[in-house]
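Every value quoted in this text rests on a predicted model; they were computed, and no experiment measured them.
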Amino acid sequence: MKTASWILWIGILIAIFFLGRCSKRCETVETVTVETITELKVDTVTVVEPVETVRTEIRRETIAAPADTVYLPGDTVRIEIPIETKEYRDSLYALQMEGYRPRLNWIEVYPRTEYVYRTETRIGNAPSRRWSLGPAVGYGYDIKNNHWAPFVGVSLTYSLLSW
């Protein structure tokens with residue numbers, strides 16, 4: 001009888017081992033929700049007194065001006081006027097002006113501001129294994145002696161519900 005119970009226990013342990021090997025591996029299921037919001041703002045920039053960064057003299061022009069407050073033909077003076085280019089530059093703009101009679105050569109404006117908001121939510125769910133083997137303490141019915149008795153040992157369980 002003792003040999004039969006040992007063979008039964010060894011058979012149960014071997015069956016538990018193979019049932020555990022056949023159960024599905026625990027896989028991590030991950031749900032990722034990514035929400036990206038891009039907001040572009042265009043601002044109006046007013047520069048009251050721009051700061052000169054580069055000054056270059058490109059040529060000189062000679063103009064005729066009256067020598068006196070009363071204008072007489074042939075009564076003129078020649079005046080040399082330097083023609084310059086000036087550049088104004090800031091983090092928001094860049095421009096170039098030229099001249100005796102000022103004119104704008106070019107202007108670049110950088111008023112755009114882009115805001116990107118990214119929200120990422122990760123939810124990881126790992127399904128539990130159905131079969132488990134572990135220590136157990138309880139109270140149960142002893143079939144051999146036909147009475148209720150405490151139990152301490154190893155139990156094989158199958159999970160029907162999990163939360």
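Residue W106 is found outside any hydrophobic cluster, as its side-chain heavy atoms come under 4.5 Å of no other Ile, Leu, Val, Met, Phe, Trp or Tyr.
Between K86 and E84 there is a side-chain heavy-atom pair separated by less than 4.5 Å. Side-chain contact between Y88 and Y93 is present, with at least one heavy-atom pair separated by less than 4.5 Å. The shortest side-chain heavy-atom distance between T36 and V116 falls under the 4.5 Å cut-off.
Between W148 and Y139, the ring planes are parallel. Angles under 30° get that label, and only those over 60° would be called perpendicular.
The CD atom of Q96 sits 5.0 Å away from the OG1 atom of T85 when rounded to the nearest 0.5 Å. Put simply, CD on E80 and CZ on R60 are 5.0 Å apart, with the number rounded to the nearest 0.5 Å. Considering CD1 of I12 and CD1 of I7, their distance stands at 12.5 Å, rounded to 0.5 Å. Taken from CD1 in I107 to CE in M97, the straight-line distance is 9.5 Å, to the nearest 0.5 Å. The CG atom of D142 sits 10.5 Å away from the CZ atom of F151 when rounded to the nearest 0.5 Å. The distance from atom CG of L13 to atom CG of L156, rounded to the nearest 0.5 Å, is 10.0 Å.
Shown here is I143, whose CD1 atom has no more than 12 heavy atoms of other residues, nucleotides or ligands within 6.0 Å. Heavy-atom contacts from other residues, nucleotides or ligands closer than 6.0 Å to CD of E108 number more than 12.
Proximity of a side-chain donor or acceptor of N145 to a complementary backbone N or O of H147 within less than 3.5 Å is not detected.
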Please lay out, stage by stage, how Y141 and N146 fare under the test side chain to side chain contact (heavy atoms under 4.5 Å, CB included).
CA-CA 7 Å; Y141 187 73; N146 292 329; 3.7 Å; yes
Take I79 and T62 through the side chain to side chain contact (heavy atoms under 4.5 Å, CB included) test and state the conclusion after the steps.
CA-CA 5 Å; I79 302 173; T62 305; over 6 Å; no
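Here the shortest heavy-atom pairing between S132 and T157 reads OG-OG1, 2.6 Å.
Each of V137 and L133 belongs to its own hydrophobic cluster when Ile, Leu, Val, Met, Phe, Trp and Tyr are linked at side-chain heavy-atom distances under 4.5 angstrom.
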